[in-house]
Participant: 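Structure in structure tokens, see below.
In the text below, chain A, chain B and the rest are named by the order of the sequence lines, each starting its count at 1.
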Amino acid sequence: MSNILSDLNPEQSQAAAHIDGPLMIIAGAGSGKTRTLTYRIANLLQHRVDPFNILALTFTNKAAREMKDRISNLIGTEAKSVWMGTFHSIFARVLRVDGEVLGYPKDFTIYDTDDCKSLIRAIVKEQNLDPKTYPASQVLSRISNAKSSLMSPEEYLQNVEIRAQDAAAKKPMIGEIYKIYNERLKRSSAMDFDDLLFNMNLLLRDFPDILAKYQRRFKYILVDEYQDTNYAQYLIVKKLAAAHQNICVVGDDAQSIYAFRGANIQNILNFKSDYPTFQTFKLEQNYRSTKTIVGGANSIISKNRDQIRKEIWTENIEGEKIHLSKCDTDKAEGLSVAQKIFEIKMNEHLQNSDFAVLYRTNNQSRSIEDALRQLNIPYRIYGGQSFYQRKEIKDVLAYFRLAVNPNDQEALLRVINYPARGIGQTTIERLRVLADQHQVSLWDIVSTPTLQGDEINSGTRTKLDAFAVKIKSLNVGIKTTEAFEMATQIWLASGIKSAFDEEDTLEAEMRLRNVDELLNAVKDFTLTEQQVVNEETGEISLVNNEFRMLDEFMSDIALITDADINQDDDKNKVSLMTIHAAKGLEFACVFVVGMEENLFPSSMSVNTRTELEEERRLFYVAVTRAEKKLFLSFAENRFIWGQYTFCEPSRFLEEIDPMYLDNPEVLEKTSMFERFESYKTYNKPKQFLGSNLRKVEASTSLPSTPLRERLSRSLSGVEMTDLQKPKSLMSMAEAKYTPTPPSAGISSENLRENQKVHHEKFGSGIIKSVEQNGEKIVVLFDTVGEKTLLTKFAKLQIGLPD
DNA sequence: GTGTGATATCTTTTT
DNA sequence: GATATCACAC
């Protein structure tokens, strides 16, 4: 019977064999977590647990799919009937069935981040608030945090602490924005990502029948990456598991990297008190990486204060040291990575797919891509600008969305005048006002001529009517016409195709092809087997020969990310992705690039210990992706915002026990002189623009304002007195992690022995000797003794300070 | 109402 | 460098 468990080590096997009651598995990196989880599900199924009584929640579709595949391989197709998916997708499915009690139609729209932001921008504008005080991204993150903590707008407005925070941040109106934002979402029959959790909780909290139904259905619950759950997810799971208490959570506090979006490590620490009868297993043996990599990773994570102590160890070989390299620029870094991949492939007969390049931020992919292309190394980027985020795709999807749910305001606004049909800004503003007056959706105003009011002139009204008729006619077919057919109809009716055809450029041609790809995706969707849920039993069965409708497609893709589509024909490619996206994956050779201060750790995360510790865990995740070879690199100059910027090696590099590094000496500080030379090399002014000083400055300046000012002035010979302005608080903070740039040094002609000088930091002194034509001087200072200085960079004044 | 250029701001990380 | 917003001419 449980012979499948013999593939596992004792801890894994005990965890997998566990059937009833709460269970917590603390699984270190590379300890066979997914393996244990899949074996446990397989074991449950072998013990005659019905697959549709098992709920397995993951954070990514990829993780869910992988688990499904692995279970299928173990015990066959029965696995496909397990409820397995991301929190968001499973809850969306529940809400489509039962969300009507909350006032949502079955085909509610799911707003993506862009939709939410544009809605917030509109609200800020109409409330006459300053968009600079209320940037959409910040407001959204505040709202998102509130929703993740299950805080409604009303509770938000009443919460003294929260309001004080907003007031202190000089953004006192966020609560009001939140309230309006939620009303608008509802009026648009739309939910944002956080609503999927928030409303799921409402459903279980306020409707005992519904709670009972899902408790009956989900007799066995498994949660992957439990350390990444936020409060909403935690509470929902707790409610669902309350009846049977068959809950199994798997996690690793050392890999918690989503605190920024509300994940709470406490959830894992509180498991004990929530489920006093729990059992726990620790998986500490690493099967993935060499001793060197495991040791290096341990030395990193040990620097964190908040952690459950674990002893990750491995029986694997010692392996190579961790390779460290310093590059001149991000471009050079890319080339060095590409060349190494090329060499290793040749020498060790590895596949492209054995390599991954990991970075902190998506925009770092560019230099890597360029280099890989140069060497003809095929690669695939995960994440980043997704296919579904391209303009033309979003435009077509907006028509799809409108056809499914005309109340979808963001979709309506996107296409009401695209292609141009003479419905301009003024008209839209009037419609918005009307919608608000009548407390109805924008679509209600557009589609109901009697509601349009006197302000709309008859010409415009005709245009509006024509648009409304078009959308209505599309909406009619949505329930009866098969998805691909429907999609094609909408595409042709939208008029976008004709616009592209008319344009007749290469660009338009590309966009057309992208839309074709979208239509193909719809076609594929109609051909895949369909999961049908029996509402009585919760049983999931697979049906092949049934029509699939466009609304189903739309509800599917809203939660699909780039990593999920695009299952490339040729899988043998180098993987490029952010470290976040790499969680859960492993590669023979891993390159972690951009190991620089202000990039990794991010400049946004160096202010508090908790933030810094999350960055460190992120680094830990990056390092533990590697099986055999690990390369860490940093660039001394990075191209940011169209300019080269000085970079310092990341503090994390110094935290690795040097015994695991092949060349720790790379970390030794570069002299200011070399830095300045390399700065000059990479920031040659492209052309001199005469009187346009701004332009000259832009082409030679550094990004942080105080540095930029000081340096560009030194280059253009501005008086030093100008440089002594008091530093703002902001610039002090920056100064902490940014190397001091060369300042306007005094000219070497004025220097002679026994000259009195004054140094900003060292105070007064006397020049003892002048070397190398005045480039270097030795000064005997009154307080700190003898120092050798480079005149070019030392902030010296001749004589005594005034 | 539409379309064009200038310009300000920009960067975490994701479902 | 890339994108979102703004000012101005048509």
Side-chain angles (χ1 to χ4, degrees), chain A residues 57-64 85-92 110-114 116-118 121 125 131-132 135-138 140-141 144 147-148 191-197 225 228-230 232-233 256-263 330 358-364 366-367 370 382-386 388-389 391 417-429 457 459-460 463 557-564 577-583 594 598-606 611 614-615 617-619 621-622 638-645 694-695 698-699 703:
Chain A
L57 295 166
T58 62
F59 274 82
T60 62
N61 295 299
K62 200 162 49 176
T86 64
F87 283 92
H88 290 84
S89 67
I90 297 280
F91 296 168
I110 298 171
Y111 272 13
D112 68 17
T113 310
D114 286 340
C116 300
K117 281 189 195 162
S118 97
R121 265 191 292 268
K125 196 173 162 197
K132 293 207 174 64
S137 53
Q138 277 180 37
L140 182 61
S141 101
S144 172
K147 286 188 179 178
S148 314
M191 295 193 202
D192 64 16
F193 288 134
D194 301 303
D195 281 336
L196 295 171
L197 309 182
E225 312 276 16
D228 286 332
T229 50
N230 60 32
Q233 290 161 329
S256 159
I257 54 175
Y258 285 106
F260 73 93
R261 67 175 212 219
D330 50 346
L358 309 182
Y359 34 77
R360 177 70 238 267
T361 61
N362 279 303
N363 60 356
Q364 288 170 258
R366 200 191 175 106
S367 56
D370 289 346
Y382 292 78
Q385 251 274 313
S386 110
Y388 287 104
Q389 275 169 313
K391 289 147 251 97
N417 199 31
Y418 179 80
R421 52 173 68 85
I423 303 172
Q425 215 53 59
T426 329
T427 309
I428 292 172
E429 281 316 310
N457 68 43
T460 310
K463 291 172 190 162
I557 64 159
L559 295 170
I560 271 180
T561 59
D562 208 39
D564 302 313
M577 65 186 95
T578 63
I579 302 166
H580 282 89
K583 188 154 87 150
N598 291 325
L599 185 59
F600 194 17
S602 157
S603 56
M604 321 286 287
S605 306
V606 291
E611 284 173 341
E614 174 146 321
E615 294 282 309
R617 290 192 296 269
L618 192 57
F619 185 39
V621 168
R638 183 166 292 275
F639 202 61
I640 302 172
W641 300 333
Q643 292 163 32
Y644 279 99
T645 308
R694 272 192 72 98
K695 279 276 166 65
S699 67

Participant: Give the ring-plane orientation class for His580(A) versus Tyr258(A), where under 30° counts as parallel, over 60° as perpendicular and anything between as tilted.
Facilitator: tilted

Participant: Rounded to whole Å, how long is the line connecting atom CZ of Arg261(A) with atom P of dT12(B)?
Facilitator: 16 Å

Participant: Are Asn417(A) and dT2(B) close enough that a side-chain N or O sits under 4.0 Å from OP1 or OP2?
Facilitator: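 Checking dT2(B) against Asn417(A), a side-chain N or O does come within under 4.0 Å of OP1 or OP2.
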
Participant: Just compare dT15(B), dG1(C), dT13(B) and give me whichever is closest to any side-chain atom of Arg366(A).
Facilitator: dG1(C)

Participant: Under 4.0 Å: is that the gap between some side-chain N or O of Asn363(A) and OP1 or OP2 of dG1(C)?
Facilitator: no

Participant: Can you identify which nucleotide, out of dG1(B), dT15(B), dT11(B), has its nearest atom closest to the Thr426(A) side chain?
Facilitator: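 Of dG1(B), dT15(B), dT11(B), dG1(B) is nearest to the side chain of Thr426(A).
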
Participant: Closer to the 5' end of DNA chain B via nearest nucleotide, is it Glu614(A) or Gln425(A)?
Facilitator: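 Upstream on the strand: Gln425(A).
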
Participant: To the side chain of Tyr258(A), which of dT12(B), dT15(B), dT14(B) is closest?
Facilitator: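 Per side-chain heavy atoms of Tyr258(A), the pick is dT14(B).
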
Participant: So, is Ser605(A) close to the dT13(B) phosphate, meaning a side-chain N or O under 4.0 Å from OP1 or OP2?
Facilitator: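 Looking at the OP1 and OP2 atoms of dT13(B), neither is under 4.0 Å from any side-chain N or O of Ser605(A).
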
Participant: How many Å lie between NZ on Lys117(A) and C1' on dT14(B), as a whole number?
Facilitator: 12 Å

Participant: Could you tell me the separation between the CD1 atom of Ile579(A) and the C1' atom of dT12(B), rounded to a whole number of Å?
Facilitator: 11 Å

Participant: Send over the distance from Gln364(A) CD to dT13(B) P, rounded to a whole Å.
Facilitator: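 Atom-to-atom, Gln364(A) to dT13(B), this comes out as 9 Å.
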
Participant: Tell me whether the OP1 or OP2 atom of dT15(B) has a side-chain N or O from Thr113(A) closer than 4.0 Å.
Facilitator: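 It does not, given that no N or O in the side chain of Thr113(A) lies less than 4.0 Å from OP1 or OP2 of dT15(B).
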
Participant: Are Asn598(A) and dT11(B) close enough that a side-chain N or O sits under 4.0 Å from OP1 or OP2?
Facilitator: no

Participant: With respect to the side chain of Phe260(A), which nucleotide from dT15(B), dT12(B), dT13(B) is positioned closest?
Facilitator: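 Nucleotide nearest to Phe260(A)'s side chain: dT13(B).
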
Participant: Checking Asp195(A) side chain against Asp192(A) main chain: does a donor-acceptor pair fall under 3.5 Å?
Facilitator: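 Such a contact is found between Asp195(A) side chain and Asp192(A) backbone.
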
Participant: Main chain of Asn230(A), side chain of Gln233(A): is a donor-acceptor contact present, judged purely on distance under 3.5 Å?
Facilitator: yes

Participant: Between dT13(B) and dA4(C), how many Å separate the two C1' atoms, rounded to a whole number?
Facilitator: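 To the nearest whole Å, 22 Å.
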
Participant: Check every atom of dG1(B), dT13(B), dT15(B) against the side chain of Thr427(A) and return the nucleotide holding the closest atom.
Facilitator: dG1(B)

Participant: Choosing from dT12(B), dT15(B), dT13(B), which nucleotide comes nearest the side chain of Thr86(A)?
Facilitator: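 Of all the options, the side chain of Thr86(A) is nearest to dT15(B).
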
Participant: Which listed nucleotide (dT12(B), dT11(B), dT9(B)) is nearest to the side chain of Lys132(A)?
Facilitator: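 Minimum distance to the Lys132(A) side chain belongs to dT9(B).
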
Participant: Kindly say whether Arg421(A) contributes a backbone atom to a donor-acceptor pair with the side chain of Asn417(A) at under 3.5 angstrom?
Facilitator: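 Pair found, side chain donor or acceptor close to backbone of Arg421(A).
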
Participant: Kindly point out which of dT9(B), dT13(B), dG1(C) is positioned nearest to the side chain of Phe639(A)?
Facilitator: dG1(C)

Participant: Among dT9(B), dT12(B), dT13(B), which nucleotide sits nearest the side chain of Asn362(A)?
Facilitator: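 For Asn362(A), the side-chain atoms sit closest to dT13(B).
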
Participant: Distance check needed: dT14(B) C1' versus Asp114(A) CG, whole Å only.
Facilitator: 13 Å

Participant: What is the separation between atom CZ on Phe59(A) and atom C1' on dT13(B), rounded to the nearest whole Å?
Facilitator: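 Distance check: Phe59(A) CZ to dT13(B) C1' gives 14 Å.
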
Participant: Atom pairs under 3.5 Å, N or O on each side, protein against nucleotides 4-6 of chain C: can you list them with distances?
Facilitator:
| unit_1 | atom_1 | unit_2 | atom_2 | d |
| --- | --- | --- | --- | --- |
| dT5(C) | OP1 | Arg121(A) | NE | 3.0 |

Participant: Under the 5.5 Å and 30° test, is Phe87(A) stacked on the base of dT15(B)?
Facilitator: no

Participant: Check the distance between dT15(B)'s P and Asp195(A)'s CG and give it to me in whole angstrom.
Facilitator: 18 Å

Participant: Test side-chain contact (heavy atoms from CB on, under 4.5 Å) on Glu611(A) and Val606(A); report intermediate values, then the result.
Facilitator: CA-CA 6 Å; Glu611(A) 284 173 341; Val606(A) 291; over 6 Å; no

Participant: Hey, does the side chain of Arg617(A) reach the backbone of Ser256(A) with a donor-acceptor pair shorter than 3.5 angstrom?
Facilitator: yes

Participant: Both Arg421(A) and Ser137(A) contact DNA chain B. Which one's nearest nucleotide lies toward the 5' end?
Facilitator: Arg421(A)

Participant: May I ask you to check whether Glu429(A) and Thr426(A) show a side-chain donor-acceptor distance below 3.5 Å?
Facilitator: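 Checked: Glu429(A)/Thr426(A) side chains show no N/O donor-acceptor pair below 3.5 Å.
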
Participant: Are the side chain of Tyr111(A) and the backbone N or O of Phe193(A) linked by a donor-acceptor pair below 3.5 Å?
Facilitator: no

Participant: Could you grab the distance from atom CG of Asp330(A) to atom OH of Tyr644(A), nearest 0.5 Å is fine?
Facilitator: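 Going from CG on Asp330(A) over to OH on Tyr644(A), the span is 5.5 Å.
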
Participant: Could you tell me how far apart Lys391(A) (NZ) and dA2(C) (C1') are, to the nearest whole angstrom?
Facilitator: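 About 10 Å, once rounded to whole Å.
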
